[in-house]
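Quick notes on the structure that follows.
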2 protein chains.
Amino acid sequence: MTEAKTDPRILRTRKLIMDSFIDLSSKKEFKDITIKDITTEAMINRATFYYHFMDIYDLLDKALTEVLLVNLNGKEYENSELNEETLISLFTAITDFQTSLSTRCHRGYEDTIARIIRDQLEVIFFRMLELQHPEEVEEGLKLSATMLSWGLYGASMEWRRSSDSVSPEEFIKTAIPYIQNGIGN
Amino acid sequence: MTEAKTDPRILRTRKLIMDSFIDLSSKKEFKDITIKDITTEAMINRATFYYHFMDIYDLLDKALTEVLLVNLNGKEYENSELNEETLISLFTAITDFQTSLSTRCHRGYEDTIARIIRDQLEVIFFRMLELQHPEEVEEGLKLSATMLSWGLYGASMEWRRSSDSVSPEEFIKTAIPYIQNGIGN
DNA sequence: ACGGAAATGTTGGATATCCAACACATCGGG
DNA sequence: CCCGATGTGTTGGATATCCAACATTTCCGT
């Protein structure tokens with residue numbers, strides 16, 4: 001209900017900046033991308049960049065979040081339950097996202113990426129848990145969501161490390177029983 | 001030397017509008033494209049459209065000119081002579097342009113398109129003639145350029161009409177001797 | 001042929017963006 | 001070491017763009 005539509009110029013400019021950044025990321029390493037590069041490509045003034053973002057790390061953060069959200073929104077977790085299907089879907093969304101990033105060059109920013117993934121996962125988990133256990137206190141659900149997000153992210157790291165070419169689906173399925181027994185009714 | 005750089009916001013907005021229009025043109029007929037459609041796609045306000053263009057016909061005009069210029073600029077006629085090679089190059093540029101337009105739907109606006117092509121050809125011819133005949137009076141060169149532009153455009157119409165699958169190069173080559181004898185020293 | 005809906009243009013005041021200039025940090029070469 | 005060159009952030013005044021509202025025209029269904 002709290003309307004207050006954001007000015008379309010803001011939406012347009014942010015999109016131009018993010019698109020340019022993502023485009024440049026596929027051509028250069030992150031550390032070689034300068035703010036002038038981005039603003040030139042986006043056809044906006046350098047000062048305007050600072051109107052929207054603190055610095056280039058802020059942009060990296062928000063751009064990756066945006067991309068991850070696009071990856072996740074195709075899946076519609078809004079009103080779904082936390083079950084085997086959604087867990088598999090979430091897990092493959094993460095591994096897809098990381099694979100798509102590996103073609104770009106963000107070496108040295110794994111921590112940022114990890115935090116972004118965990119943050120988004122936590123929000124999704126919390127929504128699902130809230131829906132499934134309306135009687136529980138918020139604090140408990142929050143903590144569960146936190147632990148699940150760390151856990152699923154950790155699993156994705158383990159999947160990448162193992163690299164014995166088992167599919168993400170198969171990989172996460174082996175862990176699901178333990179998760180389910182922990183969170184099941 | 002007469003600087004007076006145009007504001008980058010203007011360049012950006014015009015580009016957004018033109019790109020959106022060209023994009024929409026490949027999906028709808030011109031007559032079904034509304035100004036709201038364009039401005040929505042371009043993420044700009046409808047009032048801003050009128051800041052840059054008189055109406056949608058003005059946009060059609062300028063957008064086509066832009067596209068044609070892109071077609072022509074790859075060829076670099078700036079300091080070239082008016083000889084067989086450049087004539088062939090110009091002719092194929094025109095036929096390419098018209099072919100690319102035929103996939104879009106501008107039925108009923110052939111006159112506009114024709115005028116745009118002739119206008120641009122005339123400018124190019126005049127520059128070349130000026131370079132090649134510095135001693136001549138401007139009026140004579142202007143008129144020659146006008147006649148050449150009409151002539152070459154007419155040839156392109158004839159080429160489309162005949163459609164006996166002879167290449168544009170071959171087609172125009174048959175006419176070049178007459179042009180050359182007319183304009184040669 | 002009528003009436004409502006949608007598209008076209010226009011306007012004045014609000015706001016995002018631009019510019020030029022500045023101070024500061026970083027870096028690589030002589 | 002120092003210097004010029006390059007990148008980062010910040011600022012105040014100028015300007016392109018937005019918005020909401022309006023009048024007018026075009027279109028389409030009944």
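Being a predicted model, the structure only gives us computed values, none of them experimental.
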Worksheet entry | A/Lys31 NZ to D/dG7 C1', straight-line distance once rounded to whole Å |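 So the NZ-C1' distance, A/Lys31 to D/dG7, works out to 15 Å.
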Discussion item. Does atom CE (A/Met147) have a neighbourhood of more than 12 heavy atoms from anything else shown, all under 6.0 Å?
Written reply: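 Counting other residues, nucleotides and ligands, CE of A/Met147 stays at 12 neighbours or fewer.
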Item to complete: Classify the angle between the aromatic ring planes of A/Phe91 and A/Phe171 as parallel (below 30°), tilted (30 to 60°) or perpendicular (above 60°).
Response: parallel
Item to complete: Check the pair B/Asp32, B/Lys28 against salt bridge (charged side-chain N to carboxylate O under 4.0 Å, His left out), reporting the backbone distance first and the verdict last.
Response: CA-CA 6 Å; B/Asp32 294 331; B/Lys28 291 186 185 189; over 6 Å; no
Item to complete: For DNA chain D, find the residues of residues 43-59 of chain A with a heavy-atom distance under 4.0 Å and give them by number; none if there aren't any.
Response: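 The stretch gives A/Arg46, A/Ala47, A/Tyr50, A/Asp55 as the residues lying under 4.0 Å from the strand, ordered by number.
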Fill in: A/Phe126 six-ring centre to A/Lys142 NZ/CZ under 6.0 Å and within 45° of normal
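Yes, cation above the ring, under 6.0 Å and within 45°.
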Item to complete: Walk me through it: do A/Glu130 and A/Arg127 pass the test salt bridge (charged side-chain N to carboxylate O under 4.0 Å, His left out)?
Response: CA-CA 5 Å; A/Glu130 220 178 4; A/Arg127 275 207 222 101; over 6 Å; no
Worksheet item: If you pin A/Ile35 and A/Arg9 to their nearest nucleotides in DNA chain D, which one's is more 5'?
Response: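 Its nearest nucleotide lies further toward 5', so the answer is A/Ile35.
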Report yes if some heavy atom in the side chain of [X] is under 4.5 Å from a heavy atom in the side chain of [Y]; otherwise report no.
{"X": "B/Ile22", "Y": "B/Glu66", "result": "no"}
{"X": "A/Asp23", "Y": "A/Lys27", "result": "yes"}
{"X": "B/Leu72", "Y": "B/Leu90", "result": "yes"}
{"X": "A/Gln132", "Y": "A/Glu81", "result": "yes"}

Discussion item. I'd like the 5' and 3' limits of the part of DNA chain C contacted by chain B, with heavy-atom contacts below 4.0 Å.
Written reply: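 So the contact region on DNA chain C extends C/dA7 to C/dC19.
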Worksheet entry | In one Ile/Leu/Val/Met/Phe/Trp/Tyr side-chain cluster, 4.5 Å: A/Ile176, A/Leu152 | yes
Worksheet item: the helix from C/dA1-D/dT30 to C/dG30-D/dC1: angle between its terminal axes, five pairs each, to 10°?
Response: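 Inter-axis angle at the ends, rounded: 50°.
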